[in-house]
Amino acid sequence: MVSFEEEQAEAETLERLQDLGLSQYEAQTLINLIRLGTGTAQDITRINGVPRTRVYESAERLHKLGLIDIQHTTPRKFTVTSEETIIRMLDVKRENTITELAECLEEIGPAQPQREQFGVWTVTGREAVSSRIEEFIADADEQIIYMTIDDLLTDEHLDRLQAAAERGVEIHLAGISEEVQNVSRNRCRRPNCSRPSGSGRRRPLEAC
């Protein structure tokens, strides 16, 4: 009997394999073969009802990707490669996809976003938001007004804000607690976190 932890691991593996470009049937066929080691289409189908015709289609694709071997007996037998080989081949597939995407984007032409785009922007997902914030900080050349909360003001963002302050950008932080404001000020009082302004004074991070 499969434990709850194994079911959870299988469900997550199924999702990750699909993220890497396998279809649901291909991912499920591979997982079933990992359980079996070696088996026929009937063996694979017996585990969770993957249609036999889908097993043959999926096995052919998995074989082309180098994830399984096919023994041309009657009936045909399928053998999964090692876990190390599976990870390596999927990593190669991912890198090839990224390389091909980069080439396609280059053919389309370099993106030239306008320097000033006013309005309200909606970005979802913590990583996407963090990436956009870093982009805005890097592009600023005069002033940054950054409103956030304590938990979202990361060390990476503070480092980038300090770098912006060093190149003369005026920084204002808002929405954070007094404790975090003090931490920000102290970090920016260090020699490498501030720079003389035109009047000869240091320009630290300021809290609104």
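Just so it is clear, the structure is predicted and the values come from calculations on it, not from any experiment.
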task = Not counting sequence neighbours, which residues clear salt bridge (Lys or Arg N to Asp or Glu O under 4.0 Å) with E5? List them please.
result = none
request  = Give the minimum heavy-atom separation between A27 and L14, together with the two atoms involved.
outcome  = CB-CD1, 3.5 Å
ask   = What pairs with T85 under side-chain hydrogen bond (donor to acceptor under 3.5 Å, both in side chains), at least two apart in sequence or on another chain?
value = S82
task = Find out if a path of hydrophobic residues (ILVMFWY) with successive side-chain heavy-atom gaps under 4.5 Å connects L20 to L67.
result = yes
ask   = Is there a side-chain contact between I133 and Y146, using heavy atoms and a 4.5 Å cut-off?
value = yes
message = Just to verify, what does I34 make a side-chain contact (heavy atoms from CB on, under 4.5 Å) with, not counting sequence neighbours?
response = L30, V80, I86
key: R61: side-chain contact (heavy atoms from CB on, under 4.5 Å) partners, not counting sequence neighbours   = L22, E26, L65, K93
inquiry  = Would the distance check show the side chain of E15 and the main-chain N or O of A11 forming a donor-acceptor pair, the cut-off being under 3.5 Å?
reply    = no
inquiry  = So, taking the atom named CD in E57 and the one named CG in L62, what distance separates them when rounded to the nearest 0.5 Å?
reply    = 11.5 Å
Set of residues satisfying side-chain contact (heavy atoms from CB on, under 4.5 Å) with respect to E134, sequence neighbours excluded = S130, E156, H157, R160
request  = Not counting sequence neighbours, list each pair that qualifies as a salt bridge (Lys or Arg N to Asp or Glu O under 4.0 Å) and has a residue in residues 82-92.
outcome  = D91-R94
ask   = Going by atom types only, do Q28 and E10 share a side-chain donor-acceptor pair under 3.5 Å?
value = yes
query = side-chain contact (heavy atoms from CB on, under 4.5 Å) with Q143: which residues, sequence neighbours excluded?
reply = I145, E170, H172
Shortest non-hydrogen contact between T29 and S58, atoms and distance = OG1-CB, 3.6 Å
message = Just verifying a value: how many Å separate R54 CZ and Q24 CD, rounded to the nearest 0.5 Å?
response = 10.0 Å
Nearest atoms (heavy-atom pairs only) where A164 meets I144 = CB-CD1, 4.2 Å
Which side-chain N or O atoms in residues 38-51 pair as donor and acceptor under 3.5 Å with protein atoms at least two apart or in another chain?
unit_1: T38; atom_1: OG1; unit_2: T79; atom_2: OG1; d: 3.1
unit_1: T40; atom_1: OG1; unit_2: Q42; atom_2: N; d: 3.4
unit_1: T40; atom_1: OG1; unit_2: D43; atom_2: N; d: 3.2
unit_1: T40; atom_1: OG1; unit_2: D43; atom_2: OD2; d: 3.1
unit_1: D43; atom_1: OD1; unit_2: R46; atom_2: NH1; d: 3.1
unit_1: D43; atom_1: OD2; unit_2: T40; atom_2: N; d: 2.9
unit_1: T45; atom_1: OG1; unit_2: A41; atom_2: O; d: 2.9
unit_1: T45; atom_1: OG1; unit_2: V50; atom_2: O; d: 2.9
unit_1: N48; atom_1: OD1; unit_2: N32; atom_2: ND2; d: 3.1
unit_1: N48; atom_1: ND2; unit_2: N32; atom_2: OD1; d: 3.4

Expected list for residues 68-78: side-chain donor-acceptor pairs under 3.5 angstrom, two or more places apart:
unit_1: T73; atom_1: OG1; unit_2: P75; atom_2: O; d: 2.6
unit_1: R76; atom_1: NH1; unit_2: E60; atom_2: OE2; d: 3.0

query = Can you find a heavy atom in the side chain of T154 that is under 4.5 Å from one in the side chain of D159?
reply = no
request  = For T148, enumerate each residue passing the side-chain hydrogen bond (donor to acceptor under 3.5 Å, both in side chains) test, keeping only those at least two apart in sequence or located in another chain.
outcome  = none
ask   = How about Q18: does its CD atom have over 12 heavy atoms from other parts shown lying under 6.0 Å from it?
value = yes
request  = Give a yes or no on whether L101 and I108 share a hydrophobic cluster (residues Ile, Leu, Val, Met, Phe, Trp, Tyr; joining criterion: side-chain heavy atoms under 4.5 Å apart).
outcome  = yes
